[in-house]
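Below is one structure, written out as structure tokens; comments come after it.
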Amino acid sequence: MKILRSPQEMTAWSKEQVVAGRAIGFVPTMGFFHEGHLALMRRAGELADQVVVSLFVNPIQFGPKEDLTAYPRDFEQDQALAESVGVDVIFAPEPEDMYPAGFSSTVTVGEELTRQLCGASRPGHFVGVATVVTKLFNIVRPDLAVFGEKDFQQLAVIRRMTEDLNLGVEIIGHPIIREQDGLAMSSRNTYLRAEEREAALSLSRALARARKMVAEGELHTERLRAVLEEFILSFAGTVVDYISFVDQFTLQPVAEVDKDTVLALAVKINGKVRLIDNGFVMPLHER
Ligand code: AMP
């Protein structure tokens with residue numbers, strides 16, 4: 001497995017692969033790998049000849065009061081885990097390589113997809129994401145890229161951007177990987193102390209509860225939302241950022257649950273750890 005630091009080296013390597021007729025599968029990450037990341041890497045390996053993983057904690061997608069400096073990092077462990085699932089290249093640039101002095105261009109995806117949900121509480125976040133993913137696509141030049149459905153809005157934004165700007169990369173979504181008790185895996189779960197770990201279960205439990213109510217015939221999203229809010233707040237230390245029933249394609253809120261409805265959740269625990277989760281709420285056989 002190669003470790004490449006500069007964008008120039010990365011692009012040179014990719015050009016060699018193209019000449020050799022090898023397809024490149026790409027997984028962009030911020031590191032501190034868990035099974036969710038590794039599942040994306042394995043998927044990329046099934047679909048392409050070579051797998052590139054980028055490891056870059058992208059400063060421009062963090063707000064001024066967010067956890068950029070605290071974000072967990074462990075390069076040695078990440079290297080070993082990536083190698084264990086057959087990754088060919090880790091691309092790990094420094095912020096100065098990605099944003100040298102004078103950098104001043106950004107990519108903005110329309111408000112329809114970026115204004116609500118995480119976009120509402122994280123202004124500028126999706127400009128940061130769209131800009132870094134565009135840069136990474138141009139540097140790595142992949143044939144396909146795998147993203148987790150955990151970041152459901154991010155996936156929708158990247159699909160839109162890739163199509164709108166003819167980036168020529170096939171975007172693959174991967175289902176959420178969870179801990180045994182249902183908690184969606186996240187690098188940020190390491191911030192949780194034991195009692196906060198319990199409160200973190202409020203998200204996956206709320207999803208399960210919504211599914212049960214929908215299966216029992218409650219389709220009215222405002223009534224569902226009110227029940228879920230009370231349920232989540234019954235866990236110690238939780239503050240709801242959003243509980244939204246949205247259309248899977250447009251991300252617009254819906255009044256009644258149907259087959260395309262996704263329940264998206266963001267909850268802050270003890271005012272410090274912000275967790276997200278999402279999923280379809282209709283039983284599979286009814287969709
Ligand atoms: P991150 O390092 O958190 O920016 O995540 C890198 C990629 O891994 C993104 O496409 C995420 O959506 C994906 N990812 C993170 N956690 C999970 C998970 N639990 N299941 C599936 N994909 C995930």
Side-chain angles (χ1 to χ4, degrees), residues 27 34-37 39-40 42-43 47 109 112-122 126 129 144-163 170-186 188-189 200-232 235 238 240-267 274-287:
V27 182
H34 50 66
E35 269 304 317
H37 295 113
L40 271 53
R42 288 192 196 95
R43 186 83 191 108
L47 297 170
V109 176
E112 194 197 357
L113 293 181
T114 56
R115 182 194 51 212
Q116 69 286 56
L117 305 174
C118 291
S121 50
R122 305 186 72 187
F126 287 113
V129 168
L144 61 92
V146 188
F147 291 86
E149 289 170 3
K150 156 118 190 311
D151 299 279
F152 156 78
Q153 186 174 19
Q154 168 174 285
L155 178 58
V157 165
I158 286 165
R159 282 192 197 284
R160 180 81 266 152
M161 169 185 97
T162 304
E163 193 178 328
E170 187 185 351
I171 306 298
I172 313 282
H174 192 288
I176 299 176
I177 304 295
R178 297 178 178 280
E179 304 285 356
Q180 285 224 315
D181 60 8
L183 177 66
M185 289 193 182
S186 165
R188 288 190 168 101
N189 291 349
L201 285 177
S202 61
L203 291 96
S204 56
R205 299 256 165 94
L207 266 171
R209 201 173 172 116
R211 289 191 176 117
K212 183 161 181 285
M213 288 169 70
V214 167
E216 286 164 3
E218 178 60 275
L219 299 180
H220 192 268
T221 56
E222 193 40 50
R223 280 199 296 266
L224 288 162
R225 207 199 57 73
V227 173
L228 297 177
E229 178 158 31
E230 204 182 312
F231 175 72
I232 290 173
F235 289 75
T238 52
V240 172
D241 180 353
Y242 60 76
I243 299 172
S244 299
F245 290 86
V246 298
D247 180 87
Q248 66 161 323
F249 301 109
T250 65
L251 306 191
Q252 297 307 303
V254 295
E256 290 254 314
V257 169
D258 71 17
K259 63 178 183 17
D260 291 320
T261 305
V262 170
L263 169 57
L265 304 168
V267 174
R274 184 176 174 281
L275 299 176
I276 57 172
D277 202 344
N278 73 84
F280 285 102
V281 280
M282 273 219 153
L284 199 55
H285 61 271
E286 287 176 35
R287 275 195 258 136

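Because the structure is predicted, anything quoted here is derived from the model rather than measured.
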Charged N to carboxylate O below 4.0 Å: is that the case for Arg159 and Glu163?
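Glu163 and Arg159: not salt-bridged.
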Distance from [X] atom [atom1] to [Y] atom [atom2], nearest 0.5 Å?
| X | Y | atom1 | atom2 | value |
| --- | --- | --- | --- | --- |
| His37 | Ser186 | NE2 | OG | 8.0 Å |
| Phe126 | Cys118 | CZ | SG | 5.0 Å |
| His220 | Met213 | NE2 | CE | 11.5 Å |
| Lys212 | Glu218 | NZ | CD | 13.0 Å |
| Glu149 | Ile177 | CD | CD1 | 10.0 Å |
| Phe152 | Asp277 | CZ | CG | 12.0 Å |

Kindly indicate whether the side chain of [X], heavy atoms from C-beta on, has any atom under 4.5 Å from the side chain of [Y].
| X | Y | value |
| --- | --- | --- |
| Leu275 | Asn189 | yes |
| Arg178 | Lys150 | no |
| Thr221 | Pro253 | no |
| Ile243 | Phe231 | no |

Testing the basics here: between [X] and [Y], what is the closest heavy-atom pair and its distance to 0.1 Å?
| X | Y | value |
| --- | --- | --- |
| Arg274 | Ala266 | NH2-CB, 3.8 Å |
| Gly279 | Leu207 | N-CD2, 3.7 Å |
| Lys259 | Arg287 | O-CD, 3.1 Å |
| Ala206 | Leu228 | O-CD2, 3.4 Å |
| Ile171 | Thr162 | CD1-OG1, 3.6 Å |
| Ala264 | Leu117 | CB-CD2, 4.2 Å |

Can any side-chain N or O of [X] pair as donor or acceptor with the backbone N or O of [Y] at less than 3.5 Å?
| X | Y | answer |
| --- | --- | --- |
| Gln252 | Gln248 | no |
| Glu256 | Asp258 | no |
| Glu286 | Ala215 | no |
| Asp181 | Leu183 | yes |
| Gln154 | Val129 | no |

With salt bridge (charged side-chain N to carboxylate O under 4.0 Å, His left out) as the test, would you mind laying out the steps for Glu229 and Arg225 before giving the verdict?
CA-CA 6 Å; Glu229 178 158 31; Arg225 207 199 57 73; 3.1 Å; yes
With [X] as reference, evaluate [options] under the side chain to side chain contact (heavy atoms under 4.5 Å, CB included) test and give the passing residue.
| X | options | value |
| --- | --- | --- |
| Arg160 | Thr114, Leu251, Leu113 | Leu113 |
| Met282 | Val262, Thr261, Asp260, Val257 | Val257 |
| Asn278 | Val246, Leu265, Ile176 | Ile176 |

Does the salt bridge (charged side-chain N to carboxylate O under 4.0 Å, His left out) test come out yes or no for Arg122 and Asp241, once each step is laid out?
CA-CA 11 Å; Arg122 305 186 72 187; Asp241 180 353; over 6 Å; no
Thr238: partners by side-chain hydrogen bond (donor to acceptor under 3.5 Å, both in side chains), with sequence neighbours left out:
none
